[in-house]
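I have placed the structure first, in the form of structure tokens, so that the comments after it can refer back to it.
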Amino acid sequence: MSRFGKTKNDNISMSKLEQELGTSELRYKYLCNMILTSIHSSILIINKGLNVIYANKNFLDKSKQAEDETISKKIDQVFPPVILSYTLLPQRIKEVFESGRSYGGQQMTYRAPGLPSRVYYYSLVPLKDSLDRVDSVMLLMDDITEQVRLGEEVRRAERHLASVVESASDIVVSMKPDGAISTWNSAAERISGFAIRDALGKYLSDFCQEDQKNKMESTIKALNSGRKVSQVELNMISKGKNKILLFWIFSHMVDDEGKIMGIVGIGRDLTERRELEAQLIQSAKLASVGVLAGGIAHELRNPLCISSSAAQILLESPYDKKLQKECSEKIYSGIKRASHIIENLLRFARPSGGCLDPIKINDVINETITLIAEQIKLQRIKIEKRLSGNLPYIEGNGNLLKQVFLNMILNAANSMENGGTLTIITELFNNKLVGITFSDTGCGIPEENLDKIFDPFFTTMPVGKGTGLGLSISYSIIKQHNGAIYVKSTVGKGSEFIIQLPAIK
């Protein structure tokens with residue numbers, strides 16, 4: 001060791017250490033520069049004199065400025081004055097120097113020469129020296145143009161969707177999974193009379209007709225469990241205590257993972273539709289009465305002729321007691337039969353009430369055949385009945401069902417211009433459904449028309465021989481009875497109409 005405490009070897013070691021430290025510092029600076037260069041944010045480092053002392057490649061590329069146009073320049077030479085005035089950037093930088101705390105930042109719009117405007121979110125971060133003094137401030141600018149554009153598109157779509165929902169003529173209501181109402185559109189307010197403040201947080205079943213509340217609750221419960229619910233008719237009671245006929249369609253609202261987040265219900269007011277249907281049914285009935293007139297007249301003529309002949313015999317032989325009794329019985333029987341025919345015709349023609357009663361479907365079919373029997377004979381149509389004797393009751397309106405069966409019989413007869421056979425079958429399916437099948441040997445229905453035959457005013461009959469309302473009205477009546485109607489047909493061989501109605505348990 002020398003007198004100064006260090007040997008030659010010590011000096012060599014210190015020299016190496018200094019070299020290594022210098023190399024490490026250079027490597028550190030190089031790595032930092034690489035990180036700042038490759039980062040996707042635009043970065044400026046600004047000193048206390050508000051001069052830019054560093055700008056990364058991202059900023060230079062997006063601003064279309066050269067390095068010598070940015071480094072050592074004042075920030076008012078780098079940014080347009082309008083941006084500095086709007087963002088108060090110089091004041092914000094000074095505040096960071098003074099407080100030593102970061103500034104959370106805000107949005108700023110910047111447009112480089114010759115390029116469209118870009119939207120940035122900027123923040124300021126203090127950079128401190130070894131003595132914990134703020135040496136410079138780093139300005140971080142993240143390009144959020146695309147996010148802002150997408151956000152605006154989302155808001156535009158939301159406004160459009162809200163406008164569509166508010167402009168809808170149907171009730172549109174959204175609910176939480178448990179059925180509590182979240183939204184209530186203008187149509188719901190108009191139709192029900194309840195304002196949105198009266199509906200929010202309540203349950204849709206609270207607004208239902210008393211005897212249908214349980215059905216609405218079970219429907220919502222089924223939806224909440226993930227099951228799909230078919231379209232249902234459930235009535236509401238308005239604020240004015242009036243019944244509102246509504247046809248509901250429900251669907252799920254799900255998140256990205258498929259989890260049910262809520263339920264949407266769309267309710268269509270059927271009041272006007274039901275009134276129109278009732279008018280159409282009545283018009284179709286009156287048209288059918290006209291078709292029946294020929295057969296009814298013939299059927300009435302027989303008992304009237306018998307009564308007339310018996311009366312003439314009475315006049316010619318007033319003292320024959322035995323003959324008098326026989327003639328009186330003939331007259332009474334004829335008048336009774338004529339009265340029965342007229343009563344059936346009137347009962348069919350008069351408007352039907354909306355009530356449903358337990359009825360036997362075979363009785364309705366037999367009464368309908370009685371109405372049309374003579375007309376069918378004139379058209380050389382043979383009716384074969386295969387009616388099951390063990391059918392349960394159904395809940396229905398006998399007059400409306402007669403209208404359906406009459407349409408079925410007349411359509412079958414019209415398809416058999418040269419005569420034929422109409423087979424009527426009743427049977428029970430799965431102990432739940434009463435089925436009625438009308439099978440004819442007519443010309444059949446072309447396949448391209450099968451999807452149209454239940455459409456209003458669709459007919460293949462010549463002009464003046466059909467309105468195209470019979471099957472449409474029949475379809476509507478069967479739907480009102482919670483039933484279904486199907487058709488099978490082969491051109492040249494005939495058609496088969498199958499009606500299914502729910503049996504009373």
Apply side-chain contact (heavy atoms from CB on, under 4.5 Å) to Asp206 and Ile181, showing your working. CA-CA 10 Å; Asp206 295 338; Ile181 295 172; over 6 Å; no
With heavy-atom distances below 4.5 Å as the criterion, would you say the side chains of [X] and [Y] are in contact?
| X | Y | value |
| --- | --- | --- |
| Glu233 | Leu245 | no |
| Ile331 | Leu314 | yes |
| Thr183 | Val173 | no |
| Ile191 | Met236 | no |
| Asn58 | Ser41 | no |
| Trp184 | Asp198 | no |
| Leu401 | Ile499 | no |
| Leu501 | Ile436 | yes |

Within a radius of less than 6.0 Å around [atom1] of [X], do more than 12 heavy atoms belonging to other residues, nucleotides or ligands occur?
| X | atom1 | value |
| --- | --- | --- |
| Arg386 | CZ | no |
| Lys213 | NZ | yes |
| Tyr475 | OH | no |
| Glu329 | CD | yes |
| Glu384 | CD | yes |
| Tyr393 | OH | no |

Ignoring hydrogens and angles, tell me if any N or O in the side chain of [X] forms a donor-acceptor pair with the backbone of [Y] under 3.5 Å.
| X | Y | value |
| --- | --- | --- |
| Gln212 | Asn235 | yes |
| Asn185 | Asp170 | yes |
| Ser439 | Glu496 | no |
| Asp178 | Ala180 | yes |
| Gln379 | Asn414 | no |
| Ser218 | Asn214 | yes |
| Trp248 | Gly265 | no |
| Asn366 | Asn362 | yes |

Just how far is it from atom [atom1] of [X] to atom [atom2] of [Y], taken to the nearest 0.5 Å?
| X | Y | atom1 | atom2 | answer |
| --- | --- | --- | --- | --- |
| Ile220 | Ile263 | CD1 | CD1 | 5.0 Å |
| Thr219 | Phe250 | OG1 | CZ | 6.5 Å |
| Thr426 | Lys360 | OG1 | NZ | 12.0 Å |
| Ile144 | Asp142 | CD1 | CG | 8.0 Å |
| Ile383 | Ile424 | CD1 | CD1 | 5.0 Å |
| Glu367 | Asn399 | CD | CG | 9.0 Å |

What pair of heavy atoms forms the shortest contact from [X] to [Y], and how long is it?
| X | Y | value |
| --- | --- | --- |
| Ala503 | Pro392 | CB-CG, 3.5 Å |
| His481 | Pro502 | O-CD, 3.5 Å |
| Lys402 | Val364 | CG-CG1, 3.7 Å |
| Leu391 | Ser388 | CG-O, 3.7 Å |
| Ser182 | Met175 | OG-C, 4.0 Å |
| Leu433 | Leu428 | O-CD1, 3.2 Å |

Are Thr368 and Ile365 close enough, and set up right, to give a side-chain contact (heavy atoms from CB on, under 4.5 Å), and what steps lead you there? CA-CA 5 Å; Thr368 307; Ile365 291 173; 5.7 Å; no
Paired with Ser495, the side chain to side chain contact (heavy atoms under 4.5 Å, CB included) test is passed by just one of Thr441, Ile445, Asn411, Thr490, namely Ile445
Pair Lys385, Ile369 - check side-chain contact (heavy atoms from CB on, under 4.5 Å), show working. CA-CA 10 Å; Lys385 295 189 292 182; Ile369 292 174; 3.4 Å; yes
Begin from the C-alpha positions of Ile237 and Lys243 and carry the test side-chain contact (heavy atoms from CB on, under 4.5 Å) through to its verdict. CA-CA 5 Å; Ile237 300 298; Lys243 183 170 74 171; 4.3 Å; yes
Classify the angle between the aromatic ring planes of Phe194 and Phe207 as parallel (below 30°), tilted (30 to 60°) or perpendicular (above 60°). perpendicular
